[in-house]
Amino acid sequence: CSVMPGRKFGFGTDTMGRDSFSMIWYGGKISLFIGFMSALVSTVTAVIFGSASGLAPKWLDGLMMRLAEILMSVPGMLLIILLRAVLGKANVITLSVVIGITGWTAMAKVIRTEVCQLKKSGYVIASRCMGGGFFHILLKHLAPNFVSSVMFMVVMNIRSAIVAESTLSFMGIGLPLEVLSWGSMLSLSERALLGGYWWMILIPGFFLTGTLLCITNIGNYFRRNGNRRESYL
């Protein structure tokens, strides 16, 4: 039986008698891990794909960009649901990877544009003439120069991944109920509404919304700094 928030249970309990306060903090750890893990997967994929496209011959560059545009035309949530169906039962790692590999295309196009400008620089040309490999040029000469341009997108990918996990769990196709996250807590919202257990929806929703707003503000900070840097240049 669920208990309302009070002196003994500050955030109340769910219908199974579990303390919502403990569930909020443990579920937040899972949600944030999925956000950061997915952003890492999408960023690494975008950096490698975008840099390879920018350094590739013109015909291969065009082919890679057409592939990225085709993937961009498909709704991200539809791709995530399709991959989820293929992989079967989800866990934290597989869900993070699935969300990550569907959110890299926009960043890859930005990185490709930056690389197309940077590859004409003297130090990049000299490194290629001296036999520098792809990853040497990427890590030593390209990434330090375009990282500020994509930091905003990296932070926004964290936010998008948390939203995607919450949406999937709310739809009942995300993490199993035994794996706590803010999304899986919100997946019980229909039952909570019918039972009048408002705290089971309001409290995790408040923490989720507050976290997303904080991440959005961090992303806006990086975007403003990037625009200021470009104006100085």
Side-chain angles (χ1 to χ4, degrees), residues 27-54 64-65 67-84 92-118 138 142-171 174-175 181-183 186 204-231:
K29 181 177 68 174
I30 299 296
S31 294
L32 289 173
F33 176 83
I34 291 174
F36 281 95
M37 183 68 179
S38 300
L40 177 64
V41 172
S42 61
T43 301
V44 170
T45 306
V47 167
I48 294 176
F49 189 92
S51 300
S53 179
M64 294 175 73
M65 283 299 100
L67 174 61
E69 289 168 1
I70 291 172
L71 293 176
M72 284 183 68
S73 65
V74 181
M77 188 58 66
L78 183 61
L79 280 176
I80 293 172
I81 294 174
L82 176 62
L83 291 174
R84 269 281 295 105
V92 175
I93 299 297
T94 58
L95 189 60
S96 301
V97 173
V98 165
I99 296 174
I101 61 176
T102 58
W104 57 270
T105 48
M107 190 188 303
K109 289 178 70 67
V110 173
I111 292 173
R112 179 255 180 191
T113 302
E114 294 286 334
V115 170
C116 286
Q117 297 175 356
L118 293 171
L138 172 60
L142 297 178
N145 288 287
F146 66 64
V147 65
S148 60
S149 301
V150 299
M151 276 305 299
F152 168 74
M153 304 185 75
V154 172
V155 175
M156 289 298 100
N157 277 357
I158 298 174
R159 186 193 68 173
S160 300
I162 295 175
V163 171
E165 182 274 323
S166 301
T167 303
L168 290 173
S169 296
F170 181 78
M171 296 168 61
L175 294 172
S181 71
W182 289 338
L186 290 172
F206 172 79
F207 275 86
L208 177 61
T209 303
T211 301
L212 295 178
L213 287 174
C214 291
I215 294 174
T216 302
N217 287 332
I218 294 172
N220 288 332
Y221 169 79
F222 282 114
R223 183 182 61 181
R224 288 194 300 269
N225 276 11
N227 293 338
R228 191 177 300 121
R229 178 175 176 272
E230 290 176 2
S231 65

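Quick caveat: nothing in here was measured; it's all calculated off a predicted structure.
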I need the Arg159 CZ to Cys214 SG distance, nearest 0.5 Å. 12.5 Å

Side chain of Thr43, backbone of Leu40: donor and acceptor closer than 3.5 Å? no

Exceeds 12 heavy-atom contacts within 6.0 angstrom, atom CZ of Phe36: no

Using the test side-chain hydrogen bond (donor to acceptor under 3.5 Å, both in side chains), find all partners of Thr94 that sit at least two apart in sequence or belong to another chain. Asn91

What I'd like to find out is whether the side chain of Ile111 reaches to under 4.5 Å of the side chain of Leu142, using heavy atoms alone. no

Working to the nearest 0.5 angstrom, can you tell me the gap between Ile218 CD1 and Met151 CE? 9.5 Å

Looking only at heavy atoms, the pair that brings Trp104 and Ala46 closest together is O-CB, 3.5 Å

Supply the atom-to-atom distance Phe49 CZ to Lys109 NZ, rounded to the nearest 0.5 angstrom. 9.5 Å

Between Ser38 and Gly35, is there a donor-acceptor pair closer than 3.5 Å when you use the side chain of the first and the backbone of the second? no

Any side-chain heavy atom of Ile101 within less than 4.5 Å of one from Leu79? no

Measuring only between side-chain heavy atoms, which start at C-beta, is Val92 closer than 4.5 Å to Met37? no

With rounding to the nearest 0.5 Å, note down the distance linking OG in Ser31 to CD1 in Ile162. 6.5 Å

Side-chain contact test, heavy atoms from C-beta onward, threshold under 4.5 Å: evaluate it for Ile34 versus Ile30 and give yes or no. yes

Rounded to the nearest 0.5 Å, how far does CG of Leu212 lie from CG of Asn217? 11.0 Å

Do Glu114 and Asn145 come close enough that some side-chain heavy atom pair is under 4.5 Å? no

Going by the rule side chain to side chain contact (heavy atoms under 4.5 Å, CB included), which residues pair with Leu213 if we only count those two or more places apart in sequence or in a different chain? Thr209

Roughly how far apart are Ile215 CD1 and Ile158 CD1, rounded to 0.5 Å? 6.0 Å

Which is it for Leu168 and Ile81 under the side chain to side chain contact (heavy atoms under 4.5 Å, CB included) test, yes or no, and what are the steps along the way? CA-CA 8 Å; Leu168 290 173; Ile81 294 174; 4.0 Å; yes

Applying side chain to side chain contact (heavy atoms under 4.5 Å, CB included), run through Ser166 and Leu208 and close with a yes or a no. CA-CA 9 Å; Ser166 301; Leu208 177 61; 3.6 Å; yes

Find out whether Glu69 and Thr105 are in side-chain contact, i.e. whether some heavy atom of one side chain is under 4.5 Å from a heavy atom of the other. no

Taking side chain as C-beta onward, heavy atoms only, is Phe33 less than 4.5 Å from Lys29? no

